[in-house]
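Worksheet: the structure to be examined is printed underneath.
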Amino acid sequence: MNILCIDTSTEYLSIGILFRGQVLSTVDIHAKLRTSDIIIPTIHKLLKKYKLKLVDFDAFSVGLGPGSFTGLRIATATIKALSFCMNKKIIGICSLDLIAYNVREDGNICVIIDAKRNLLYSGFYKKKNGLITRQWFIKLLSVDSVLNICRDKIFCAPTYFLGNGLGIYRDKIRNSLKNSIILDEAFWYPRAKNLCLAAKQMYRDKKFISIDKLKPLYIYPKHCQVRK
């Protein structure tokens, strides 16, 4: 099982190589330059380093967001092009799920990503015995709505918060929820390793997506989205 994995949903470019079922290499780069300028050169560099070719992969995996509109369009377009040229399977994964896997301990998890306009892409999870399950579909919420959900009986226990939304609302969350556990910035972003491991499981479960149905996970109403 060989899978090339990409996520560009945040300001980080994450690329991972799963080779023969094992994580061979991961790269998480803060994209100071435009992602479109570095994504292909970075892939080429990794393939050259490990003497691999695109034809060697069984599938390509991509983080679907939600997140940066531009970043998501770049990643999905790249995966579509590679899949079309190489006739390979595609695996699409929610990027907030990948962030949730950064939490090491069991407990409640709330991932919040800055969606601009005073809103957050929000994912709510539970981790038990090392297994993470998402509680609902990803939501577009205000910070007050996030706090209200976390006060609900489902999330009455201590809750781990992570995601770049904490760069804006960290103090408000900490002051509003006494049982909140605010994780450091190192845990706020998708990691290529998590993408590889998630893609491995989805490949085993044969959860593929056709090239014509692959699209970023947009949560905003249609009138707010970028029109093609």
Side-chain angles (χ1 to χ4, degrees), residues 1-21 23-99 101 113-115 121 138 164 188-203 206-220 225-228:
M1 180 197 308
N2 302 334
I3 307 174
L4 176 65
C5 307
I6 301 172
D7 185 283
T8 60
S9 61
T10 67
E11 53 263 49
Y12 277 81
L13 166 63
S14 296
I15 299 177
I17 294 176
L18 190 78
F19 185 69
R20 295 177 180 173
V23 179
L24 176 65
S25 178
T26 61
V27 174
D28 296 290
I29 305 171
H30 191 273
K32 296 179 181 179
L33 300 174
R34 290 189 305 174
T35 303
S36 58
D37 292 336
I38 64 175
I39 186 170
I40 296 301
T42 304
I43 292 173
H44 178 73
K45 184 177 179 180
L46 282 176
L47 296 183
K48 184 177 180 180
K49 178 179 179 179
Y50 293 100
K51 298 181 180 179
L52 294 172
K53 298 180 180 180
L54 290 172
V55 71
D56 295 327
F57 293 95
D58 303 303
F60 301 119
S61 175
V62 60
L64 297 178
S68 163
F69 284 2
T70 302
L72 294 175
R73 290 164 71 90
I74 291 170
T76 52
T78 300
I79 290 298
K80 281 186 175 183
L82 295 178
S83 175
F84 180 79
C85 294
M86 298 291 110
N87 191 28
K88 301 296 183 179
K89 294 179 172 59
I90 299 175
I91 300 169
I93 304 173
C94 173
S95 299
L96 268 65
D97 293 359
L98 300 174
I99 298 174
Y101 275 95
I113 296 296
D114 181 21
Y121 298 120
I138 302 301
N164 66 11
W188 291 2
Y189 302 96
R191 290 179 176 173
K193 181 179 179 179
N194 291 345
L195 182 57
C196 288
L197 295 177
K200 178 180 179 179
Q201 186 59 53
M202 293 184 73
Y203 188 94
K206 298 182 179 180
K207 293 183 178 179
F208 307 117
I209 185 170
S210 61
I211 191 170
D212 59 308
K213 292 184 178 180
L214 178 66
K215 60 182 180 180
L217 180 57
Y218 291 146
I219 308 297
Y220 264 105
Q225 296 178 11
V226 177
R227 296 180 181 177
K228 296 182 180 179

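What you see is a predicted model; the values in this text were computed from it and never measured.
- Residue-environment remark: CG (N87) stays at or below the threshold of 12 foreign heavy atoms within 6.0 Å.
- The environment of OH in Y50 is crowded: more than 12 heavy-atom neighbours from other residues, nucleotides or ligands sit within 6.0 Å.
- The distance from atom CD1 of I90 to atom CG of L214, rounded to the nearest 0.5 Å, is 5.0 Å.
- In this structure, S95 OG and Y121 OH are separated by 11.0 Å, a value rounded to the nearest 0.5 Å.
- Here the straight-line distance linking atom CG of D58 with atom CZ of R20 works out to 11.5 Å at 0.5 Å rounding.
- Listed here is the closest heavy atom pair of A192 and V27: CB-O, 3.9 Å.
- Between the T8 side chain and the G71 main chain, a donor and an acceptor come within less than 3.5 Å of each other.
- Here L4 contributes atom CG and L18 contributes atom CG; the two are 10.5 Å apart, rounded to the nearest 0.5 Å.
- Atom-to-atom distance recorded for T42:OG1 and I15:CD1 is 5.0 Å, nearest 0.5 angstrom.
- Here the side chains of K89 and F60 are not in contact, with every heavy-atom distance at 4.5 Å or above.
- Ring geometry, Y203 versus F208: the interplanar angle exceeds 60°, so the pair is classed perpendicular (tilted spans 30 to 60°).
- Taking all atoms of both residues into account, the shortest heavy-atom contact from V62 to I79 is CB-CG1, 3.6 Å.
- Across P66 and I219, no two heavy atoms sit closer than the pair CB-CG1, 3.9 Å.
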Could you check F69 against Y218 for ring-ring contact (aromatic ring centres under 6.0 Å, His included), going step by step and ending with a plain yes or no?
CA-CA 8 Å; F69 284 2; Y218 291 146; 4.8 Å; yes
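- Annotation for D28 and P190: closest pair OD1-O, 3.8 Å, computed over non-hydrogen atoms.
- Residues I3 and A199 come closest through the heavy atom pair CD1-O, 3.8 Å.
- Of the inter-residue distances, the one linking I43 atom CD1 with L54 atom CG reads 7.5 Å to the nearest 0.5 angstrom.
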Take L217 and C94 through the side chain to side chain contact (heavy atoms under 4.5 Å, CB included) test and state the conclusion after the steps.
CA-CA 8 Å; L217 180 57; C94 173; 4.2 Å; yes
Going through the distances and angles, do I6 and S14 end up as a side chain to side chain contact (heavy atoms under 4.5 Å, CB included)?
CA-CA 6 Å; I6 301 172; S14 296; over 6 Å; no
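- Side-chain contact check for F84 versus I211: some heavy-atom pair is nearer than 4.5 Å.
- By the 4.5 Å heavy-atom criterion applied to side chains, L96 and I113 are counted as neighbours.
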Stepwise side chain to side chain contact (heavy atoms under 4.5 Å, CB included) check, Y101 with K193
CA-CA 10 Å; Y101 275 95; K193 181 179 179 179; over 6 Å; no
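- Between L64 and L72, every side-chain heavy-atom pair lies at or beyond the 4.5 Å cut-off.
- Put simply, the side chain of D114 never gets that close to the backbone of N164: no donor and acceptor are under 3.5 Å apart.
- Summarising the geometry of K88 relative to S83, their closest heavy-atom pair is O-OG, 2.7 Å, with the distance given to 0.1 Å.
- T76 is not listed as a side-chain neighbour of T78, based on a closest heavy-atom distance of 4.5 Å or more.
- Proximity of I17 to L52: side-chain heavy atoms (C-beta onward) are separated by under 4.5 Å at one or more points.
- Within 6.0 Å of NZ in K200 there are more than 12 heavy atoms belonging to other residues, nucleotides or ligands.
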